[in-house]
Colleague: 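The structure that follows is given in the form of C-alpha cells.
Each chain gets a letter, A, B and so on, in the order its sequence line appears, and its residues count up from 1.
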Amino acid sequence: MKPCLKRAERKMRIEKAQEYGATVVFTFSNTVTHIIADKDIKYNEILEFLQLTEIPEGIAVTNPRWPGDCIRYGKLVDPKDFWYQVPGCPTESQQRNPLQDAPISEPIGGHSSLPSSPPSSLQVQPRPPPKQQPETPTNSQKDALDEAIEECLTTTPINIEDFLGSSSSSDTESSPESSPKRRKKASSSSSNSARDWQSHFQCMHKHTGALNPENPNSRTIQILEEMMQIYDSLKDQWRTRSYRIAISTLKSSNTTYISTYEQAISLPGVGDRLAKKIVEIVSTDRLQRLEYAKLDPKDQILKLFHGIYGVGLVQARKFVAAGYTTLEDIKKNATLTEPQRIGIERYSDFKQRIPREEVKQHGDIVSTALKTIDEKVQSHVMGSYRRGAKDCGDIDIILTKEGAGVEELHEVLEKLVEKLFDRKFLMCGLAIARHDDGTKWHGASRLEGEGKPWRRIDFLVVPGEEIGAAFLYFTGNDVFNRSMRLLASKKGMRLNQKGLYKDVVRGKNREKLNEGTLLESKDEKKIFEILGVPYRPPEHRIC
DNA sequence: CGGCCGTACTG
DNA sequence: CAGTACG
DNA sequence: GCCG
C-alpha cells in the first residue's frame with residue numbers, strides 16, 4: 001500500500017472496522033469480500049491498482065461511508081445503495097439521484113444483495129493527494145508600502161511564538177507545541193494572563209488560507225464548511241460564526257489528526273456540540289444533519305438567488321416563498337431594484353473568478369485614466385489581490401492623495417467614473433456615493449474585446465491621512481478585520497476604515513456613545529503595534 | 001445569560 | 001428604517 | 001454555535 005497523506009484518517013477507520021469484527025487485508029485475494037475505496041478514488045483506479053479488468057462477482061466496492069453506516073445502524077446495510085457507490089462504478093444504481101432519494105436516513109436493511117460470502121475482510125485503498133488551494137500567497141508583487149512595511153519587519157522581527165505562552169490551563173495537551181521557555185521583556189505590567197486572553201483572537205495568528213494538503217483534517221473541514229453554509233443560508237449568523245472559527249482552528253492545526261472528543265474540545269472555538277460532530281465525521285465520514293439539510297431543494301434555489309448582487313437572504317427567501325425557481329422567474333415577475341436587475345443580467349459574469357493578471361489590467365486602466373485627471377492621485381489595488389490571490393472575486397481599488405480630503409477626492413472620483421464610462425471600461429454603477437463626502441463606488445468594468453465578462457469593481461476614496469486604516473480595511477480579509485476590530489473594542493478602542501480610536505465609551509449592546517480620540521490612521525503597521533498584534537503581511541491575513 | 005465588527009449605500 | 005454590501 |  002502506498003504511503004498516503006490520509007493515512008491517519010484511514011487508520012482510524014480501519015481500526016474502527018476491526019473493532020466491529022472486520023478483517024483487514026493488505027493484499028488482494030479470494031478471501032476479500034469488500035473493497036472500501038477512499039472517497040476520491042474512481043472505479044477504474046481500483047481496477048488499475050489491483051491490476052484487474054473487472055471486480056470479481058461477489059465482491060462489493062464501496063466508499064468509506066458504508067462501514068460508517070453499518071456501525072451507525074448496527075447492521076450490514078446494502079453496499080449497492082447509491083450512497084456507497086464509487087465514482088465510475090458500472091452499475092445501474094449509480095443513476096439514482098440523492099436529491100430524489102428523500103428518506104436517506106432510514107437504515108437500508110442490510111441483507112439480500114450482499115455478496116455471497118460473509119464480510120470478513122476489507123481491502124482499503126489509498127487516496128490521492130488533495131487538490132490545491134484557491135488562494136495562493138505570492139510574494140512577487142510589492143508596492144512602496146509593502147517595501148516600507150517589510151523594512152520595518154526585518155528591523156523589528158517579531159516572533160508570534162513569543163507572544164503565545166503555553167496555555168495557562170492544565171490540559172494543554174495536543175496543541176501545536178510551543179516552546180516553553182523564553183519571555184519577552186514584559187512591557188509594563190502585562191502579566192501572563194494579560195497576554196493570554198488576547199491570543200485567542202484570530203488576528204493574533206498567522207493564516208495563509210492555504211489548505212495544507214497534508215492537513216489530516218481536510219475531510220472534517222470540508223464537511224463542517226458545508227454545514228456552515230447551511231446555517232448561513234438559514235440566517236443563523238452566530239452559528240455560522242462559530243463554525244467559521246472552529247474550521248479556522250482546524251486548518252491551523254495541520255499537524256494533528258483530530259479524531260477524539262477530548263482532542264476536539266480542547267481546541268479553542270470547539271465546544272461540546274462541535275466536538276461531537278467532529279467525532280461523528282471522523283468515524284462515519286459524514287454528518288447526518290448535513291445529509292438532511294442538503295436534501296431540501298429550496299436550499300439550492302436559495303443559494304442561487306442569494307448569489308445575485310443586491311439580493312441578501314431576506315430577499316432570497318421571499319423569492320423562494322413566492323414560488324420562484326429560476327433567475328428567469330424573478331426577472332419576469334418580481335419587483336427588483338436596479339442593482340438587482342443588473343445582478344441577474346450579469347449573474348454568470350459576476351460569479352466567475354478574475355485571474356490575477358486581469359485584475360492588474362483593470363488596475364492599470366484606472367491608474368492611467370487617473371493621471372489625466374490629477375497626477376497626484378494614486379490608485380492601489382487591494383482586496384484579495386493584495387493578499388496575493390491567484391484569482392479574485394472582484395476588484396478593489398483605493399483612490400488617495402497626500403494631503404487631500406474626502407471632498408476633493410470625491411470630485412476626482414466623479415471625473416474618473418465619467419471618463420471610464422466614456423471609454424466603455426465601466427459598464428454600470430451599482431452602489432454610488434451620493435453625497436459630496438461619499439467614499440465608495442460599486443460597479444462593473446470590463447476589458448476591451450468580444451465576450452469579455454463584466455467584473456465587479458469597487459472604488460474607495462481615502463483621504464491621505466487615513467491611508468493606513470483604509471489599507472487595513474480594504475486588504476481584509478473580512479474575518480481578519482472583524483477579529484482586529486473585536487480586539488480593539490475589548491481594549492476600549494475602536495477600529496474602522498478611518499482609523500484606530502481610544503477612549504471609546506460604550507453603553508449596553510456595546511453601542512458606541514462617543515467617537516473616541518484618534519490614535520493612528522496613517523500607518524498600517526502602527527495600528528498593529530498599538531493593538532499589540534504582531535504585524536502580518538497581507539498574504540498572512542487570510543483567516 | 002448576553003455578546004458575537006463597524007461602516008456606507010439603497011429604497 | 002431594514003436590508004445589503006465591503007473588507 | 002462558543003465563550004466569559
Colleague: More than 12 heavy atoms of other residues, nucleotides or ligands under 6.0 Å from NZ of A:Lys526: is that the case?
Modeller: no

Colleague: Could I get the full list of ring pair (Phe, Tyr, Trp, His ring centres under 6.0 Å) partners for A:Tyr231, not counting sequence neighbours?
Modeller: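 Testing A:Tyr231 for ring pair (Phe, Tyr, Trp, His ring centres under 6.0 Å), a comparison that skips the adjacent residues, returns A:Tyr243.
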
Colleague: A:Ala431 side chain: which of B:dT7, B:dC9, C:dC6 is closest?
Modeller: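 Output: B:dC9.
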
Colleague: Could you list the residues that satisfy salt bridge (Lys or Arg N to Asp or Glu O under 4.0 Å) with A:Arg241, not counting sequence neighbours?
Modeller: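 In terms of salt bridge (Lys or Arg N to Asp or Glu O under 4.0 Å), with neighbours along the sequence ignored, A:Arg241 is linked to no residue.
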
Colleague: Please report, rounded to the nearest Å, how far the C1' atom of C:dG7 is from the NZ atom of A:Lys498.
Modeller: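 Rounding to the nearest Å, NZ of A:Lys498 and C1' of C:dG7 are 15 Å apart.
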
Colleague: Between P on C:dA5 and CZ on A:Phe350, what's the gap in Å once rounded to a whole number?
Modeller: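 My rounded result for the distance is 12 Å.
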
Colleague: Return a table of donor-acceptor pairs under 3.5 angstrom between the side chains of residues 304-311 of chain A and protein atoms on other chains or two or more places apart.
Modeller:
from, atom 1, to, atom 2, distance (Å)
A:Tyr309, OH, A:His442, ND1, 3.2

Colleague: Are A:Phe474 and A:His380 an aromatic pair, judged by ring center distance below 6.0 Å?
Modeller: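 Judged by ring-centre distance (under 6.0 Å), A:His380 and A:Phe474 do not meet the cut-off.
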
Colleague: NA contact type, A:Leu472, heavy-atom cut-off 4.0 Å: base, sugar-phosphate, or nothing?
Modeller: nothing

Colleague: Between P on B:dG11 and CZ on A:Arg341, what's the gap in Å once rounded to a whole number?
Modeller: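 The answer, rounded to whole Å, is 12 Å.
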
Colleague: Please classify the nucleic acid contact of A:Ile308 as base, sugar-phosphate, or nothing, using heavy-atom distances under 4.0 Å.
Modeller: sugar-phosphate

Colleague: What is the distance, to the nearest angstrom, from the CD1 atom on A:Ile344 to the P atom on C:dT4?
Modeller: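 The answer, rounded to whole Å, is 13 Å.
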
Colleague: Counting the atoms with a prime plus P, OP1 and OP2 as sugar-phosphate, which does A:Tyr309 contact under 4.0 Å by heavy atoms, base, sugar-phosphate, or nothing?
Modeller: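 Here A:Tyr309 touches the backbone only, sparing every base.
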
Colleague: Counting any heavy atom closer than 4.0 Å, what does A:Val311 reach on the DNA or RNA strands: base, sugar-phosphate only, or nothing?
Modeller: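 Here A:Val311 touches the backbone only, sparing every base.
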
Colleague: With a non-hydrogen cut-off below 4.0 angstrom, is A:Lys277 in contact with a base, only sugar-phosphate, or nothing?
Modeller: sugar-phosphate

Colleague: Expressed as a whole number of angstroms, how long is the span from A:Lys235:NZ to C:dG3:C1'?
Modeller: 8 Å

Colleague: Roughly how far apart, to the nearest Å, are B:dC5 and D:dG4 at atom P?
Modeller: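 That atom pair is separated by 15 Å.
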
Colleague: Please work out if A:Leu460 contacts a base, only the sugar-phosphate, or nothing of the nucleic acid, heavy-atom cut-off 4.0 Å.
Modeller: nothing

Colleague: I want to confirm an ordering. Mapping A:Thr439 and A:Tyr473 to their closest nucleotides on DNA chain B, which one lands closer to the 5' end?
Modeller: A:Tyr473

Colleague: Quick one: A:Ile457 CD1 to C:dA5 C1', roughly how many Å, whole number?
Modeller: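 After rounding, the gap between these two atoms is 16 Å.
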
Colleague: Verify side-chain contact (heavy atoms from CB on, under 4.5 Å) between A:Asp391 and A:Ile354, making sure each step is shown before the conclusion.
Modeller: CA-CA 5 Å; A:Asp391 52 55; A:Ile354 313 169; 5.9 Å; no

Colleague: State which residues pass ring pair (Phe, Tyr, Trp, His ring centres under 6.0 Å) with A:Tyr324; sequence neighbours excluded, sorted by chain then number.
Modeller: none

Colleague: Hey, does A:Arg456 reach any base, or is it just sugar-phosphate, or nothing, if we go heavy atoms under 4.0 Å?
Modeller: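 The residue A:Arg456 makes sugar-phosphate contact but no base contact.
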
Colleague: Base, sugar-phosphate alone, or nothing: which one does A:Arg273 contact when heavy atoms must sit under 4.0 Å apart?
Modeller: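 Sugar-phosphate contact only.
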
Colleague: Counting any heavy atom closer than 4.0 Å, what does A:Asn496 reach on the DNA or RNA strands: base, sugar-phosphate only, or nothing?
Modeller: sugar-phosphate

Colleague: NA contact type, A:Asp236, heavy-atom cut-off 4.0 Å: base, sugar-phosphate, or nothing?
Modeller: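 If one applies the 4.0 Å heavy-atom cut-off, A:Asp236 turns out to touch nothing in the nucleic acid.
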
Colleague: Report which part of the nucleic acid A:Thr240 touches: base, sugar-phosphate, or nothing (heavy-atom distance under 4.0 Å, all strands).
Modeller: nothing

Colleague: Between atom NZ in A:Lys491 and atom P in B:dC5, what is the gap in whole Å?
Modeller: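 Distance, rounded to whole Å: 17 Å.
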
Colleague: Find the distance A:Lys440:NZ to B:dG6:C1' and express it as a whole number of Å.
Modeller: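 Roughly 11 Å, once rounded to whole Å.
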
Colleague: Could you pull out every donor-acceptor pair under 3.5 Å between side chains of residues 399-406 of chain A and any protein atom, sequence neighbours left out?
Modeller:
from, atom 1, to, atom 2, distance (Å)
A:Thr400, OG1, A:Val462, O, 2.7
A:Lys401, NZ, A:Asp374, OD2, 2.9
A:Lys401, NZ, A:Glu408, OE2, 2.7
A:Glu402, OE2, A:Lys522, NZ, 2.7

Colleague: Extract, from 5' to 3' on DNA chain D, the first and final nucleotides lying under 4.0 angstrom from some heavy atom of chain A.
Modeller: D:dG1 to D:dC3

Colleague: Checking all strands, does A:Asp458 fall into the base, sugar-phosphate, or nothing category for heavy-atom contacts under 4.0 angstrom?
Modeller: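 It contacts sugar-phosphate atoms only.
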
Colleague: When we call it a touch if two heavy atoms are under 4.0 Å apart, what does A:Ala246 touch: a base, just sugar-phosphate, or nothing?
Modeller: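 No contact.
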
Colleague: For A:Leu430 and for A:Gln497, find the nucleotide of DNA chain B with the closest heavy atom, then tell me which residue's nucleotide is more 5'.
Modeller: A:Gln497

Colleague: Under 4.0 Å, heavy atoms only, any strand: does A:Gln237 hit a base, just the sugar-phosphate, or nothing?
Modeller: nothing

Colleague: Among the candidates B:dG11, B:dG6, C:dG7, find the nucleotide nearest to the side-chain atoms of A:Thr337.
Modeller: B:dG11

Colleague: Check this for me: does any side-chain nitrogen of one of A:Glu328 and A:Lys331 sit under 4.0 Å from a carboxylate oxygen of the other?
Modeller: yes

